[in-house]
Every structure is written in C-alpha cells, then in structure tokens.
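So the structure is just underneath, and the comments pick up after that.
Only a predicted model underlies this, so the values are computations on that prediction, with no experimental measurement involved. Whatever order the structure lists them in is the order used to number ligands and atoms, beginning at 1.
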Amino acid sequence: MRRVQIFDTTLRDGEQSPGISLSVEEKVEIAHQLARLKVDVIEAGFPITSEGDFESVSRIATEVKGPTIAGLARIHQADIERAWEAVQWSARPRIHTFVGTSDLHIEHQMRSNQNDIIAGAEGAVRLAKSLCPEVEFSPMDATRTEIGYLAEVVAAAVEAGADVINIADTVGYTTPVEFSVFLQELQERVPGLKERVLSVHCHDDLGLAVANSLAGVQVGAGQIEVAVNGIGERAGNASLEEIVMALGTRGDHYGVEVGVDTRQLANTSRLVSNMTGYEVPPNKAVVGRNAFLHESGIHQDGVLKDRRTFEIMTPKDIGLEGTNIFLGKHSGRHALKDALEELGYTLEGEVLKRAFTRFKEIADHKKTVTAADLEAIAADEVGSFEGKFVLDSFRVVAATGRQSRAAVTISHADHGTFEAEAEGEGPVDAVFRAVDAATNIKGRLTDFRIDAVTGGKDALGEVRVSVEFEGNEYGGRGLSQDVVEAAARAYVRAVNVYTASKLGAKRISTPAAP
Ligand code: KIV
Ligand code: ZN
C-alpha cells in the first residue's frame, strides 16, 4: 500500500485559532505527544513571528525525536534564516516557505505582481534548500489561483529544489470533486511534480476540509496537513483523528496507509483540548464523548449482540479503553509520573514536583483521584510553569446583599511579595480587582467559564478566563476544589501570559509583501 505522510500543524495553524495562546512548555508537551502518536511531521511554529515561537520551535527540534520538525517562513530571507536557526537542531529538519498566489492575495495583500511572486518563491526555495535538507513550498490560496499561473509557480519551486509542494485551500473554498480535478490537472501541467511529494492543506470554512483532503489522497497526494481536533484559523484545519480513522477504516477504498498509532488518538485529543481550552463537541467524529455511545434501544440491543452492528471502529482502536489509572493519597511520585505518561504527559523536574504537590493536596481532600483529575492537574501545572507572578494566598468575605471583599498576597520571581485588598460584585470580581491592585496591572475580563472536572460535590473546579490588557486578549486556566481560588489562579495566569508576551517580540499577523 502507498504510505501517506501525516503532517501535523496543531502548533502552528492550530495555534492561530482565535483565543489560543500556548506557552513554550505547553507546546513542547504537545509535541512529545505528537511524537508518541507517530505523526510524520510536526510543524512546530513560525519562528520569525515572536521570541516565544522561536524558542518553542528550537526546543521541539532539540528535544522531540522521531518526526520531522518543520518551521514556517514567508519567502523573505530573514524568515527563512530564522526558521533554519530554529529547526537546525532536529535530526530531520524542514523549512516550510509560503506565498500567496491568487490575484486577490498578490494584488490586495502583497501589493505585488505575478512575475515578482514567481521570482520570490524560486529564490526562497533555493535559499531554504541551501540551508536545510528538506524544503516544503506552499502556494497560499492555491485553489483560488488560476491553474496556468499556479503551474508556473509550482514548476519554479520544483526547479529550485522543493521536496514537498503543498496545495493550500486557504479559505476552505473548494469541493471534493473540483479539488481532485484541479490537482490532477496541476500534476499534468507540472511533470516534475511526480518526483516530489504532493501535499494538501485544507481549511474547514464549508465543513469540507476532511472530504477535500481525502479527495486529494485519491489523486496522488502523499502528505496531508492536519490539526488535532481540527483546530486552526477560523473554522479550522482538517481534523487529524478524522483523516487517520477514515484512511484506516476505509483502507479498502483509499488503498493507502499511515504510520499513526491510533491508540494515542483519544489521549492526544484530550491533551490538546485541555491545553488550548477548545472543547471537543460531544458529537465530534472519532473523539467526541458520544462517538461510541448508543442511545436507542435497537442500537443498544444490536451492540450488545455484536458491536459491529452499529460501530465501524471500536473505542479500543482510538485508545479509549484499557486505562487502569487509580491513584490515592498514598501513591508516590513514580506512580504519578507513570500514570501521567499513560495519559500522554511527559512531566519532568520542577513541573513534575509541582504536579506531585498539587496531586497530594487534592488527594487529601478528594476520595478518588481520577484520570480526568490527573489530566487537569498536569495541564494546569505545565501551563503555569513560566509565570513570574504566583498567587501565594487569598482571603474573601462574601455575603448576601453586600459587596464582597478580597485580600491577596502575590509574589513576583524578581520583585518580592505584594499584598492588596479590593471590593467587588461578588467574590470572584473582588479577587480579580485585588490581583490588579497587587500586580499593578489592570486587565478587563472578557470571558469566564467554569466547569467541574468530574462529577460529585468534591469535584475539582476548572476556570478559564480571557483578559484584555492593552487591547489584546490573553487566556488563563486555574484548577482547584475551591472555585474562587481556581478563578484567581486563572486570572494570575493570564497576567503571566501577558507579561511574558511583553518580554518577547510582538506577534505579526499578516504577511507583508516579499
Ligand atoms: O492556509 C494556508 O494557506 C496556510 C499556509 C501557510 C500553508 O496555512
Ligand atoms: Zn492554513
């Protein structure tokens, strides 16, 4: 069977989803899990966009073994050199360079012309190839590019040495049959493409990203670009788990195979959901919590007799069965580390120490610490590792018909300890105001969500906030059996993400003219 490569862009396109802002530690953690999942390529980030992106791509290239590690770059020399600086540490580095090729992009976004774009693309691929053994080139908005011109750009990139040509349906505009005809024609017009890997990168604006990608495979695509849980710009990218299970379950139809270990799919989906705060809809194909539930009597009866009557995949195929995690207050650090590894987390050193302390605190108050609790603790500790501010303690007085009053003590890694008090409309508002006063950084709360991690009155509460500082939004997550404390931790985390982002270079959002 023909082998199709799975190129994961959760950490790059996925991270461009509105409201997602992963820390370096969180990205490294996700990359380790992607390696356990055995994807072929991890697009670890866009190194020129910020110090944080550069650091996470460099760390992933250094630490994560197995997959190819790719860094994104526009066709500018500085982007390509920066991407190389970051990916060079990998045993399998790749530079992925891209430029818009549709008239809309060339005229209105890049304010350039067709000839300059071809020359720019060719030069960029040559430069990238002189630095890095493997180069991918993407014509952005390819599906809205006139096919004759697209063929010229692709031929130039192939001629310059691109190993992978990635046809991007950037705005999710194409349809499956149209896309396969388009790709066939492109292959006919560019004979050199046969010697290279043809890749597809589809967005989900019309809900067709998976169908379009699979149509690409049927006409020879050897690489599919995907993201875990389908996250990504706007409506997202093709969902990794749907693509992998479609190709596996319907191998008879597609006649291709992938190297992914499907038993890691459920873990990976939960890890990414926990870290990004993007919940998986219950009815989501493959990894939604209802994907293997049977409600009607007829279905239940059939499944009890033989699962195959109403299931085309089993929960075991995606790793939903077989975890025997049960930890209590007597469990040690090794047991915690092993359990976390089984759940897809590789915690080491200081983070593991802190997760262990949290686990002990929680195990003292909660009868059973479940796999869901452990995942929430791990995600929380990985996410809070980089912050300079730490919530040491808080006190709150709340009563019916009165303003609440809160006092907080917050320490800063470089500047000592600060105390402050404030009043607010309820305990959460009062604590947030007290944090503003203690840190001397004023934020505006734009979103607040609270969930119980498991059932029961002793469940852990998980709070997610979005806070606006200087016109930009920053996310935070907090976990505690006390929901006011969870809220305070989430808010302090958002302050930490904001202050850390001020230290690094600002993110760029729109590619400028080459
Ligand atoms: O959607 C897109 O065009 C992209 C490119 C960078 C491949 O993400
Ligand atoms: Zn994209």
Side-chain angles (χ1 to χ4, degrees), residues 5-18 20 41-49 53 57 68 70-76 79-80 82-83 87 94-106 108-110 117 120-121 124-125 128 134-145 150 153-154 157 162-174 179 182-183 186 196-210 212-213 216 221 223-240 243 507-514:
Q5 307 251 316
I6 296 297
F7 174 115
D8 180 274
T9 186
T10 306
L11 298 175
R12 200 277 300 166
D13 212 319
E15 218 244 349
Q16 285 171 221
S17 311
I20 295 185
V41 185
I42 296 174
E43 186 164 52
F46 193 168
I48 195 136
T49 56
D53 251 48
V57 179
T68 294
L72 188 66
R74 293 168 297 183
I75 59 174
H76 302 305
D79 279 44
I80 291 168
R82 193 71 172 148
V87 296
R94 180 184 292 184
I95 296 176
H96 176 192
T97 184
F98 74 101
V99 67
T101 51
S102 64
D103 287 348
L104 271 169
H105 280 234
I106 294 177
H108 300 286
Q109 188 174 22
M110 260 104 50
I117 293 293
V125 173
E134 208 166 83
V135 172
E136 171 169 338
F137 171 71
S138 292
M140 182 163 69
D141 206 17
T143 50
R144 291 194 301 169
T145 302
L150 182 67
V153 182
V154 168
D163 303 280
V164 181
I165 298 290
N166 178 45
I167 302 304
D169 184 30
T170 304
V171 291
Y173 181 72
T174 197
F179 195 39
F182 187 78
L183 292 174
L186 185 67
R196 312 297 149 119
V197 176
L198 175 65
S199 168
V200 288
H201 175 109
C202 298
H203 278 269
D204 209 29
D205 299 65
L206 294 173
L208 292 172
V210 169
N212 288 336
S213 306
Q223 174 180 286
I224 315 178
E225 303 205 350
V226 293
V228 176
N229 299 336
I231 60 174
E233 280 279 2
R234 305 179 314 281
N237 288 87
S239 135
L240 180 148
I243 292 280
R507 234 172 209 290
I508 53 165
S509 51
T510 45

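Taking a cut-off of under 4.0 Å to the non-hydrogen atoms of Ala168, the atoms of ligand 1 that pass are 3 (O). Interface of His203 with ligand 1, defined as ligand atoms under 4.0 Å from a residue heavy atom, comprises 1 (O). Close approach of ligand 1 to Ser138 (heavy-atom distance below 4.0 Å) involves ligand atoms 7 (C). Taking every heavy atom of Met140 and a limit of under 4.0 angstrom, the matching atoms of ligand 1 come to 3 (O). For ligand 1, the atoms closer than 4.0 angstrom to any heavy atom of Asp13 are 8 (O).
Contact check on Asp205 versus Arg234 returns a salt bridge, with a Lys/Arg side-chain nitrogen under 4.0 Å from an Asp/Glu carboxylate oxygen.
Counted by atom type alone, Ser138 and His96 present one or more donor-acceptor pairs between their side chains at under 3.5 Å. At a cut-off of 3.5 Å, with distance as the only test, no side-chain donor of Asp141 or Thr170 sits close to an acceptor on the other residue.
In this structure the side chain of Phe7 reaches within 4.5 angstrom of the side chain of Arg94, judged on heavy atoms. Using a 4.5 Å cut-off on side-chain heavy atoms (C-beta onward), Val164 and Val135 make no contact. In this structure the side chain of Val99 never reaches within 4.5 angstrom of the side chain of Arg74, judged on heavy atoms. Using a 4.5 Å heavy-atom threshold, the side chains of His201 and Asp13 count as touching. Under the 4.5 Å side-chain criterion, counting only non-hydrogen atoms from C-beta, Arg12 is not in contact with Asp53.
At least one N/O-N/O distance between Thr170 and ligand 1 falls below 3.5 Å. Considering both main-chain and side-chain atoms, His201 comes within under 3.5 Å of ligand 1 through a nitrogen or oxygen pair. Between Asp141 and ligand 1, not a single N/O pair is under 3.5 Å apart.
Residue Arg12 places a heavy atom less than 4.0 Å from ligand 1.
When every heavy atom of Thr101 is checked against every heavy atom of Ala142, the shortest pair comes out as OG1-CA, 4.1 Å.
If you take CG on Leu150 and CG on Leu186, they are separated by 5.0 Å, rounding to the nearest 0.5 Å. With values rounded to the nearest 0.5 angstrom, Ser102 atom OG is found 5.5 Å from Arg144 atom CZ.
Of the heavy atoms in Glu233, none comes closer than 4.0 Å to ligand 1.
Distances under 2.8 Å from the Zn ion (ligand 2) pick out the protein N/O/S atoms Asp13 OD2, His201 NE2, His203 NE2.
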